[in-house]
Amino acid sequence: MDMKTVLSTIDAEKVEYVDFRIVDLLGRQHHVTVPAYAVDEGTFRNGVAFDGSSLTGYKSIEESDMVAMPDPTTAFIDPFVEAKTMNIICNIVNPDNTVYTRDPRGIALKAEAYLQQTGLATAAYFGPESEFFLFDNVRYASGPSGSFFHIDSEEAFWNTGKEGQNLGYKVRNKGGYFPVQPTDSQMDIRNEMCTMMTKCGMHVERHHHEVATAGQGEINFRFDTLTRTADNLLLFKYIVRNVAAKHGKTATFMPKPIVGDNGSGMHVHQSLFNGDTPLFYEQGGYANLSETALHYIGGILHHAPALIALTNPSTNSFKRLVPGYEAPVNLVFSKGNRSAAVRIPIAAVTPKASRIEFRTPDSTANPYLAFAAMLMAGLDGIKRKLDPRELGFGPLDKNIYDLSDAEKHEIKSAPGSLAEALVALEQDHDFLLEGNVFTKEVIEGWIAQKRGEIEQVERTVNPKEYELYYDL
């Protein structure tokens with residue numbers, strides 16, 4: 001919709017409120033709600049003022065005035081609010097209407113504009129597979145007198161011996177892939193999530209239970225352009241959380257909420273097009289990939305250590321990135337091999353569906369920043385003709401976990417911690433600065449924010465330390 005269509009829809013649909021949404025540096029959405037009668041053309045021209053000092057990673061208190069500029073193309077009716085409410089995503093600008101360089105959505109838009117400027121392609125398409133858990137209860141605390149977390153799920157394998165009514169049909173550890181009901185206890189909830197997504201304009205492709213016990217699920221929605229997909233991913237998380245809450249459950253996208261079972265990733269499918277022509281397909285090439293696609297892969301894998309500081313930006317991310325849980329810690333590419341960081345899907349793939357899948361990311365990433373960074377890495381690979389074969393990234397069409405120690409030693413690995421990834425980003429970020437897509441200030445601010453999080457985690461006494469050291 002454009003501005004006039006939005007305003008006419010507000011009148012025609014008797015919308016009572018308009019919810020303007022922005023996203024902070026970390027990827028959390030925030031909103032301010034305005035009565036519909038107060039929204040007019042001036043709202044779209046002048047924006048909505050807010051306090052930038054109250055959002056993580058934005059302005060300091062002495063320069064806190066910011067403006068949210070509504071993007072009418074993102075408007076939809078919110079299905080979770082009793083009073084009829086229209087949601088609109090906003091870009092963030094300074095009071096003088098200049099670009100605010102730390103606006104994550106603005107960075108995504110700049111990445112798409114830069115792609116056009118390069119002449120390498122006209123559009124980049126992204127399709128994330130964001131996994132999540134639905135728990136029935138979660139408790140956690142961290143303080144000077146104690147720290148703990150406790151989760152529970154009616155289908156968790158640890159509840160096989162639970163007293164009271166117990167119908168069995170629990171999901172075994174690593175045994176949750178595609179079971180039917182009643183073992184899959186959450187099909188109706190996922191159906192409702194998909195229905196809500198469709199009503200909000202998303203195109204759902206499929207959903208299913210995932211590998212882990214305790215309510216792990218996945219819903220796939222159709223790919224779109226970079227910024228639009230990031231918009232859709234935030235809408236996706238909003239819908240998953242609110243439908244879960246309606247059913248008395250809580251949704252989390254944490255990469256590793258359960259010890260000893262699979263974590264939740266966000267595999268990101270990517271492709272480039274020039275108009276209607278797919279640029280990643282070449283019949284007869286490895287996995288029918290073009291040289292352009294291989295160079296894009298070269299850029300992703302060459303810059304992966306730095307990228308991971310943006311695509312896996314939590315200390316918890318690296319509890320997922322360990323061998324043995326289908327986690328793609330190995331910086332190689334392969335057709336069909338899910339143990340590789342970059343996989344090339346080959347099942348039921350047409351020329352227009354030819355794509356690469358970066359499997360390392362997770363959903364603690366801010367999608368605007370993560371997708372923009374992946375595109376910039378891929379474009380750098382194309383411009384510099386980085387051949388992943390010459391750089392030692394494969395292809396490797398074996399089960400990596402079955403290789404000998406000598407063979408494994410030859411494979412480059414993802415950083416082992418967020419601290420390592422931040423050092424890599426510090427040392428390798430020039431590719432992000434091209435076209436002024438990212439700025440040094442954004443990267444330095446991101447690194448400072450994340451190092452602060454690491455410090456908090458490292459200074460907190462872990463319950464496991466009591467088990468290991470209390471009696472020494």
Side-chain angles (χ1 to χ4, degrees), residues 79-80 127-139 149-200 202-222 232-233 235-267 269 320 324-328 338-339 343 345 347-348 357 359 362-363:
F80 299 108
E129 299 176 5
S130 181
E131 298 164 338
F132 56 88
F133 282 87
L134 299 181
F135 297 139
D136 292 293
N137 192 51
V138 58
R139 294 183 292 118
F149 75 89
H150 185 272
I151 55 175
D152 206 4
S153 165
E154 63 180 353
E155 67 172 50
F157 195 57
W158 59 76
N159 279 324
T160 54
K162 187 175 182 179
E163 294 184 359
Q165 186 179 34
N166 191 335
L167 303 180
Y169 298 110
K170 307 304 181 187
V171 176
R172 294 175 177 82
N173 271 35
K174 299 189 180 185
Y177 192 65
F178 278 24
V180 298
Q181 308 91 306
T183 303
D184 180 0
S185 65
Q186 298 176 351
M187 180 171 178
D188 287 338
I189 297 177
R190 294 197 306 273
N191 278 343
E192 185 175 336
M193 291 171 178
C194 293
T195 298
M196 291 291 191
M197 291 174 195
T198 302
K199 286 182 178 179
C200 292
M202 297 176 66
H203 186 114
V204 176
E205 294 184 327
R206 65 177 189 168
H207 71 80
H208 58 87
H209 200 289
E210 257 298 349
V211 173
T213 189
Q216 189 181 36
E218 180 178 316
I219 300 173
N220 300 144
F221 58 89
R222 181 167 290 182
N232 282 339
L233 184 57
L235 175 56
F236 168 86
K237 295 172 81 169
Y238 177 70
I239 290 171
V240 167
R241 288 174 174 142
N242 278 278
V243 172
K246 175 185 171 183
H247 288 270
K249 296 184 183 291
T250 176
T252 182
F253 294 86
M254 274 182 68
K256 194 74 169 183
I258 298 177
V259 178
D261 208 338
N262 281 29
S264 293
M266 183 179 70
H267 311 147
H269 297 254
R320 166 182 168 256
Y325 297 93
E326 296 188 14
R338 284 173 165 79
S339 60
R343 184 179 78 97
E357 176 191 4
R359 295 178 59 81
D362 65 60
S363 294

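Side-chain atoms are counted along with the backbone in the values below, which use heavy atoms only and exclude waters and symmetry mates. On a predicted model such as this, the values are computed, not experimentally measured, just so you know.
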By the salt bridge (Lys or Arg N to Asp or Glu O under 4.0 Å) test, which pairs, at least two apart or in different chains, include something from residues 178-196? D184-R190, E192-K246
Looking at R206, H207, M202, which hits side-chain contact (heavy atoms from CB on, under 4.5 Å) with C194? H207
Applying side chain to side chain contact (heavy atoms under 4.5 Å, CB included) to N262 and E210, what does each step give before you reach the verdict? CA-CA 9 Å; N262 281 29; E210 257 298 349; over 6 Å; no
Closest non-hydrogen atoms of D362 and S264, given as atom of the first, atom of the second and distance, are CB-O, 3.8 Å
Look at atom CE of M187 and say whether more than 12 heavy atoms of other residues, nucleotides or ligands are closer to it than 6.0 Å. no
Parallel under 30°, tilted from 30 to 60°, perpendicular over 60°: which one fits the rings of Y238 and F80? perpendicular
Which of parallel (below 30°), tilted (30 to 60°) and perpendicular (above 60°) describes F253 and F132? tilted
Considering all heavy atoms of both residues, which atom of M193 and which atom of V240 are nearest to each other, and what is their separation? CE-O, 3.4 Å
Report the distance from atom CZ of R139 to atom CD1 of I151, rounding to the nearest 0.5 Å. 11.5 Å
Candidate pair D152 and K162, rule side chain to side chain contact (heavy atoms under 4.5 Å, CB included), full reasoning: CA-CA 11 Å; D152 206 4; K162 187 175 182 179; 4.2 Å; yes
Test side chain to side chain contact (heavy atoms under 4.5 Å, CB included) on H208 and Y177; report intermediate values, then the result. CA-CA 8 Å; H208 58 87; Y177 192 65; 3.8 Å; yes
To the nearest 0.5 Å, what is the distance between CZ (F236) and SG (C200)? 13.0 Å
Closest heavy-atom pair, S363 versus K237, reported as atoms and distance to 0.1 Å, is O-NZ, 2.9 Å
I'd like to check the side chain to side chain contact (heavy atoms under 4.5 Å, CB included) partners of R172; sequence neighbours left out, ordered by chain and number. F157
Just by distance, do the side chain of D261 and the backbone of T213 share a donor-acceptor pair under 3.5 Å? yes
For M254 and R320: C-alpha separation, side-chain torsions, deciding distance, then whether side chain to side chain contact (heavy atoms under 4.5 Å, CB included) applies. CA-CA 9 Å; M254 274 182 68; R320 166 182 168 256; over 6 Å; no
Pairwise distance NZ(K170) to CD(E154) - rounded to 0.5 angstrom: 6.5 Å
Correct closest heavy-atom pair for A214 and I258 would be CB-CD1, 3.6 Å
Just how far is it from atom NE2 of H247 to atom CG of L134, taken to the nearest 0.5 Å? 10.0 Å
Any donor-acceptor N or O pair under 3.5 Å, side chains H150, N137: no
Is there side-chain contact between F135 and P257, with heavy atoms separated by less than 4.5 Å? yes
Minimum heavy-atom distance between N173 and G260, given as atom pair plus value: ND2-O, 3.4 Å
Mind checking what makes ring pair (Phe, Tyr, Trp, His ring centres under 6.0 Å) contact with Y169, not counting sequence neighbours? none
Quick one: OG on S185 to CG on L167, what's the gap to the nearest 0.5 Å? 11.0 Å
Are E131 and H267 close enough that a side-chain donor and a side-chain acceptor fall under 3.5 Å? no
Can you tell me if N159 and N166 form a side-chain donor-acceptor pair at under 3.5 Å? no
Using atom types as modelled and distance alone, determine if a side-chain donor or acceptor of E155 lies under 3.5 Å from a backbone N or O of G215. yes
Residue pair A212 / V171: nearest heavy atoms and the distance that separates them: O-CG1, 3.8 Å
Straight-line distance of R222 CZ to E205 CD, nearest 0.5 Å: 5.5 Å
